[in-house]
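Report on one structure; see the data block that follows.
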Amino acid sequence: MQKPSIPKGTRDFGPAQVARRQHIFNVIRRTFESFGFAPLETPTLENLSVLTGKYGDEGDQLLFKVLNSGDFAKDVTAEDLATGSKALLPKVAEKGLRYDLTVPFARYVAMNRGTLTFPFKRYQMQPVWRADRPQRGRYREFYQCDADVVGTDSLLCEAEIVLMMAQVLGGLGLHDFTIKINHRGVLRNIYQALGGEGRETDLFVAIDKLDKIGRDGVTKELLERGFSEGTIETLFALLGVEGSYEEKLQRLLAGFVTAGVEPDGTRPTEAEDSAATDDITASYRGLTELAEVRDLLVASGFRQFDRLEFDPTLARGLSYYTGCIFEVKINNVQMGSVSGGGRYDNLTGSFGLPGVSGVGFSFGVDRLYDCLEALDLFTSTAETPTRCLITHFDVASGRAALPLLAQLRAAGIPSELYPDASKLQKQFKYADAKGIPLVIVLGPEEIAAGVAKVKIMASGTERVLPLGEVVAAMTVE
RNA sequence: GUAGAUAUAGCUCAGCUGGUUAGAGCGUCGGAUUGUGAUUCCGAAGGUCGUGGGUUCGAGCCCCAUUAUUUACCCCA
């Protein structure tokens, strides 16, 4: 006999887990729909040509590729085998499992550009697959819940992303969270302040690790990568700004001016240098957009600015982001971000539809689940939707229970009759173990008297009711 | 891909310096209670100690290999 198993990084979800997951999905779906997003579903399999090259070299390695049907090796030559997997891959696999929901969405928009009404707002809640090493909060199969808008540059979209993030987390009972926001333009300006060239990625990767390895660690890493000490000092002076959202914007701006950085990367002339601060502010797209998002949030009645943090060190890996970027962390839980997103100016470009700006974000349901569990925030532990169990004693009383069972179901009360004429003790244990709140005892005595006993499991109280009144009484409860 | 940790009952784990018949809690099943759960009491079932080699008079324990799981790095939801 072989021991049964499931692939690494995948999970089964039992009835109680599914019920909890559905709760998370419902909160997210309600929020997305209340902001006017419409549902979309795309295939599990995409053509590899759609997926490859969108996530960087690392991402390509993490794609699950699907072997072609039939004789997948029929086009393979001895030469291909000798060359290695790179030459082999396109001949044996033309499909892959989706890696995220944003790229399939971009493909959908490009394919259906003629029929869509822009701005197009869609949400999507489907599993994605990544072939990386599983560990805490990291699975090979997991669900993402994306909401994206394409076809508008309006910063209202960014503001609404913050509103939706807060609404979903609040709806789940997660109140101690931090929404981090930054702008790729700000990062670009910082990069310019360092006068570097072509090492943007090195820098972002190092900056992103700041909260993990600390300032000393980042300094060491940047020195190893060839940045000078003076440069690194400037970097930390800019990154180290403190204060409120508003204050950080102002101090960062002042820092840029001091460092002599212009938004387009050129050095300012002396004349420009003397220009009024306000004019320069307007030219820093990142800073002005972040200020605008803040104003829109205020006007929308957003009150949780203590949970919204402008973090100049926020980098995020996905290279297609060009504007605002977001990331959400649940505090006091050891878990990566539960949500993230940002604006991309040209996502559909590689599918032949350039110049369409979009902004979107995503919730990781599996991580939200893990956070809720770690914080003990799940209220329902019921393993079944059943509200009422009818117990019986023999074939005759089981038969007699069937009309009542039908009435309960017709009244909208999920109900079941215990299938076997087991000992009453066993039937009650079944109800208790599954968290069924109500048990009806319908034995020979009750049938003879035309009544039923109704027991409320939580309190242990029992009531004897005429058979005709049972359903009505339970509808009230 | 790199580095570490772990693997003993259905689950969570003990198991001393290598020494007789490998233990506990929870869960499961039966009984105390011919028709009442969660609480209490009594009892029972359940293990080729991940797998394969080796050392030894003797291995759950030591050594080697292998597989699986897991944590950190990289990257990310």
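Chain letters run A, B, ... following the sequence lines, proteins first, then strands; residues in each count from 1. Atoms considered below: every heavy atom in the structure, side chains included; atoms not considered: hydrogens, waters and symmetry mates.
The NZ atom of Lys426(A) sits 11 Å away from the C1' atom of U28(B) (whole-angstrom rounding). Rounded to whole angstrom, the span from the CD1 atom of Ile179(A) across to the C1' atom of A77(B) amounts to 16 Å. In this structure, the CD atom of Glu141(A) is 21 Å from the P atom of C76(B), given to the nearest Å. Distance NZ (Lys434(A)) to P (A38(B)): 17 Å, rounded to an integer number of Å. Taking atom OH of residue Tyr369(A) and atom P of nucleotide A77(B), one finds them 22 Å apart after rounding to whole Å. Going from atom OH of Tyr99(A) over to atom P of C76(B) covers 7 Å, rounded to whole Å. Between the C1' atom of C76(B) and the CZ atom of Arg136(A) lies a distance of 16 Å, rounded to the nearest Å. The CG-C1' distance, from Leu63(A) to C76(B), rounds to 13 Å in whole Å.
In terms of polar N and O atoms assigned as donor or acceptor, the side chain of Glu446(A) comes within less than 3.5 Å of the base of G35(B) in a complementary pairing. Not a single donor-acceptor contact under 3.5 angstrom links the side-chain atoms of Arg133(A) to the base of U70(B). One cannot find a donor-acceptor pair under 3.5 Å joining the base of U36(B) and the side-chain atoms of Gln427(A). Donor-acceptor pairing under 3.5 Å, judged by distance alone, is present between the side chain of Arg130(A) and the base of A77(B). Between the side chain of Lys453(A) and the base of U36(B), at least one donor-acceptor pair of N or O atoms lies under 3.5 Å.
Taking atom P in both C61(B) and U56(B), the straight-line distance is 16 Å, to the nearest Å. To the nearest whole angstrom, the two C1' atoms, one in U12(B) and one in G53(B), are 31 Å apart. A distance of about 41 Å separates the P atoms of C64(B) and A77(B), rounded to the whole Å. If you take atom P in C42(B) and the same atom in G60(B), they sit 33 Å apart, rounded to whole Å. One P atom belongs to A5(B), the other to C41(B), and the distance between them is 42 Å to the nearest Å. G31(B) and G15(B) have their P atoms separated by 37 Å, with the value rounded to a whole Å. Distance noted for atom P between A7(B) and U51(B): 13 Å (whole Å). Distance noted for atom P between C49(B) and U39(B): 34 Å (whole Å).
Across every strand in view, G35(B) sits unpaired, with no contact that passes the Watson-Crick or G-U test at under 3.5 angstrom. Across all strands shown, nothing is found opposite U20(B) as a Watson-Crick or G-U wobble partner with both distances under 3.5 Å. Pairing for U2(B) goes to A72(B), judged as Watson-Crick or G-U wobble with the two contacts each under 3.5 Å. When both distances must be under 3.5 Å, the Watson-Crick or G-U wobble mate of A65(B) is U51(B). Using N1 to N3 plus N6-O4 or O6-N4 for Watson-Crick, or N1-O2 and O6-N3 for G-U wobble, each under 3.5 Å, G27(B) pairs with nothing.
Remark: the backbone N or O of Ile6(A) is not paired with any side-chain donor or acceptor of Thr10(A) at under 3.5 angstrom.
Under a cut-off of 6.0 angstrom, the local environment of CZ in Arg399(A) is sparse, with at most 12 non-hydrogen atoms contributed by other residues, nucleotides or ligands. Atom CD of Glu41(A) has 12 or fewer heavy atoms from other residues, nucleotides or ligands within 6.0 Å.
Within 4.0 Å (heavy atoms only), Ser362(A) reaches no atom of the nucleic acid at all. In this structure, Glu445(A) reaches the bases: a heavy-atom distance under 4.0 Å links it to at least one base atom across the strands shown. Glu327(A) comes within 4.0 angstrom of nothing in the nucleic acid, heavy atoms only. Contacts of Val441(A) with the nucleic acid, taken as non-hydrogen atoms under 4.0 Å apart, include base atoms.
Using a 3.5 Å distance cut-off with no hydrogens or angles, the side chains of Asp420(A) and Tyr430(A) do not pair a donor with an acceptor.
Residues Gln144(A) and Gln124(A) have side chains not in contact (no heavy-atom distance under 4.5 Å, counting atoms from C-beta outward).
Taking each heavy atom of Leu372(A) and Ile24(A) in turn, the nearest pair found is CD1-CD1, 3.8 Å.
Stacking of Arg307(A) on the aromatic ring of Phe177(A) is recorded, both the 6.0 Å distance cut-off and the 45° axial limit being met.
Taken residue by residue, residues 142-150 of chain A places heavy atoms nearer than 4.0 Å to RNA chain B at Phe142(A), Gln144(A).
Take the nearest nucleotide of RNA chain B for Gln135(A) and for Gly336(A): the residue whose nucleotide is more 5' is Gln135(A). Nearer to the 5' terminus of RNA chain B, by closest-nucleotide assignment, is the contact made by Gln334(A) (compared with the other of Gln334(A) and Gly59(A)).
Classification of Glu141(A) and Arg11(A) as a salt-bridged pair fails, no side-chain N sitting under 4.0 Å from a carboxylate O. Using a 4.0 Å cut-off between a side-chain N of Lys or Arg and a carboxylate O of Asp or Glu, Lys95(A) and Glu46(A) do not qualify as a salt bridge. Note on Lys54(A) versus Asp60(A): no salt bridge recorded, every NZ/NE/NH1/NH2 to OD/OE distance being 4.0 Å or above.
Listed nucleotides: G37(B), G35(B), U69(B). Nearest to the side chain of Asp432(A): G37(B). Checked against U36(B), C76(B), G37(B), the side chain of Arg367(A) finds its nearest nucleotide in C76(B).
Within the structure, a side-chain polar atom (N or O) of Lys423(A) is placed less than 4.0 Å from OP1 or OP2 of G31(B). Not one side-chain nitrogen or oxygen of Gln425(A) sits closer than 4.0 Å to the OP1 or OP2 atom of U36(B).
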